[in-house]
2 protein chains.
Amino acid sequence: MISVEEQLKSMKQQMIAKGYKSTVQREATMRVLLEHERDHMSAEDVYMRVKERFPEIGLATVYRTLELLTDLHLVEKMNFGDGVARFDLRTEGHMHMHHHMICSICGEVEEIQDDWLTELEQRVQQEYGFNVSDHRLDFIGTFSSCKHGDCRRHCENAS
Amino acid sequence: MISVEEQLKSMKQQMIAKGYKSTVQREATMRVLLEHERDHMSAEDVYMRVKERFPEIGLATVYRTLELLTDLHLVEKMNFGDGVARFDLRTEGHMHMHHHMICSICGEVEEIQDDWLTELEQRVQQEYGFNVSDHRLDFIGTFSSCKHGDCRRHCENAS
DNA sequence: TTATTAAATTATAATCATTCTAAATAAAGA
DNA sequence: TCTTTATTTAGAATGATTATAATTTAATAA
């Protein structure tokens, strides 16, 4: 398990290697992403968290940083159907995007870190001549726990 | 192969069965969707097509109709990462959403109509206690044809 | 260390997709 | 046909995201 500090260092190095500058605002934003790795935050969410420690930062800077990190393939910009983009850290050592389970009852998004699609990607190559570089797989449904009343998330649907 | 008229009739019936009214605006919108089944149009795209035949229609009506059709599970609202929602007809007889191949070169979106995920959905159920009702699977990559210069779509990247 | 230069940030305005509002219209059933 | 209620229209409002211009800062070299 790699530490937040090490990951941060690695992200900064990648940023610098591509000719971008390392700034305190970018570092603060990356730190928030690393410390809320599984939260699928919107830009506004990230902004509010960063502001706690760096109150002078502007919303546009957070947007620009998230866009940059997306370009560098360090985070993935996702859209789960509510009106906002959500940002999801790409795990070190996983070349492909992880999968998601989205609960229709509580809205919670959970991750599946394994890559289940290797075979299907070969099939896409063979049957359609399509060369896969990445993928997105979301399952929509319900967690057993939610269906039985003990929702794993604090929300109006939890019993 | 079921005809556009038959599909339209079926869609109208489902609409009426759920207590919604059948209007000329809704029919015109559904007709456009049926006649551009594989185009992944945005609301604005649909609006412009509908306007050709029904110039008085308002943009908000098209939005509302698309939302209604989404609620009825007759179309799927998708987001491919550009700023707009795209609407994709659900094929009659397919309970689950089809898969997509998205080309990084030309941006074209092609469909895979088979359902490749039955086994994985069982696995999600067993390993995570998550009961899948629907899914979304996108492959990002390149068509061999695009990579070799004869892009299948008229765009600036086509040779 | 300081000077230089290009990139980044700030604050704010602008944009653009989408949704809401109030008045007018039309569909479905009695 | 009449009545009721949903739907549509046109335009305003909203809200997420992006662009702008002036200012500041990071990286590099003298």
Side-chain angles (χ1 to χ4, degrees), chain A residues 8-9 11-32 40-51 53-72 74-87, chain B residues 8-9 11-32 40-51 53-72 75-88:
Chain A
L8 190 60
K9 196 173 152 191
M11 291 171 84
K12 278 163 76 171
Q13 279 171 348
Q14 288 179 66
M15 192 167 267
I16 288 164
K18 291 268 170 63
Y20 300 100
K21 289 178 181 171
S22 172
T23 68
V24 281
Q25 293 89 342
R26 286 177 177 170
E27 178 167 339
T29 304
M30 288 190 281
R31 199 178 285 278
V32 164
H40 305 93
M41 287 183 286
S42 68
E44 193 78 37
D45 293 337
V46 175
Y47 173 61
M48 288 192 299
R49 299 264 188 209
V50 178
K51 238 179 163 348
R53 296 199 223 142
F54 199 100
E56 320 88 72
I57 202 169
L59 177 56
T61 301
V62 171
Y63 269 101
R64 257 180 284 113
T65 302
L66 290 170
E67 192 190 6
L68 174 60
L69 292 170
T70 303
D71 290 346
L72 294 172
L74 292 172
V75 310
E76 178 77 12
K77 189 176 179 178
M78 296 235 99
N79 200 303
F80 294 115
D82 51 350
V84 296
R86 297 188 175 275
F87 297 84
Chain B
L8 190 59
K9 196 172 154 192
M11 290 170 84
K12 278 162 77 170
Q13 280 171 348
Q14 288 178 66
M15 193 167 266
I16 289 165
K18 290 270 172 64
Y20 299 100
K21 289 179 180 170
S22 173
T23 69
V24 281
Q25 292 91 340
R26 285 176 178 171
E27 178 166 341
T29 305
M30 288 190 281
R31 200 176 284 279
V32 164
H40 304 93
M41 287 184 285
S42 67
E44 193 78 38
D45 294 336
V46 175
Y47 173 61
M48 287 191 300
R49 299 264 188 211
V50 178
K51 237 178 159 7
R53 294 200 225 141
F54 199 99
E56 321 89 71
I57 201 168
L59 177 58
T61 301
V62 171
Y63 269 101
R64 256 180 285 110
T65 302
L66 291 170
E67 192 190 6
L68 174 59
L69 293 170
T70 303
D71 290 347
L72 295 171
V75 310
E76 178 77 11
K77 188 177 181 179
M78 294 235 100
N79 198 302
F80 293 116
D82 52 349
V84 295
R86 297 187 175 275
F87 297 86
D88 209 352

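So that the names make sense, note that chain A is the first sequence line, chain B the second, and so on, each numbered from 1. Just so you know, these numbers use all the heavy atoms, side chains as well, and skip hydrogens, waters and symmetry mates.
Residue Glu56(A) is classed as a sugar-phosphate contact, given heavy-atom separations below 4.0 Å to backbone atoms only. Across all strands, Ser42(A) comes closer than 4.0 Å to no nucleic acid atom at all (heavy-atom distances). The residue Ala60(A) sits close to a base: some heavy atom pair falls under 4.0 Å.
For the pair Arg64(B) CZ and dT7(D) P, the computed distance is 9 Å after rounding to whole Å. Here the C1' atom of nucleotide dT8(D) and the CG atom of Leu66(B) are 15 Å apart, to the nearest Å. For Ile57(B) and dA10(D), the CD1 to C1' distance is 13 Å, given to the nearest whole Å. We find that CG of Asp71(B) is positioned 15 Å from C1' of dA6(D), with the value rounded to whole Å. Note: OH (Tyr20(B)) to P (dT8(D)) measures 12 Å, nearest angstrom. In this structure, Phe54(B) places its CZ atom 15 Å from P of dT7(D), rounding to the nearest Å. Rounded to a whole Å, the CG atom of Asp45(A) is 10 Å from the P atom of dT17(D).
With sequence neighbours excluded, the residues satisfying side-chain contact (heavy atoms from CB on, under 4.5 Å) with Glu44(B) are Ser42(B), Tyr47(B), Leu59(B).
Between the side chain of Arg26(B) and the backbone N or O of Lys21(B), at least one donor-acceptor pair lies under 3.5 Å.
Of the side-chain N and O atoms in Thr61(B), none sit less than 4.0 angstrom from OP1 or OP2 of dT7(D). Note on Gln25(B): a side-chain N or O is less than 4.0 Å away from OP1 or OP2 of dT9(D).
On the nucleic acid side, DNA chain C contacts chain A at distances under 4.0 Å to non-hydrogen atoms, with the end points of that region at dA6(C) to dA11(C).
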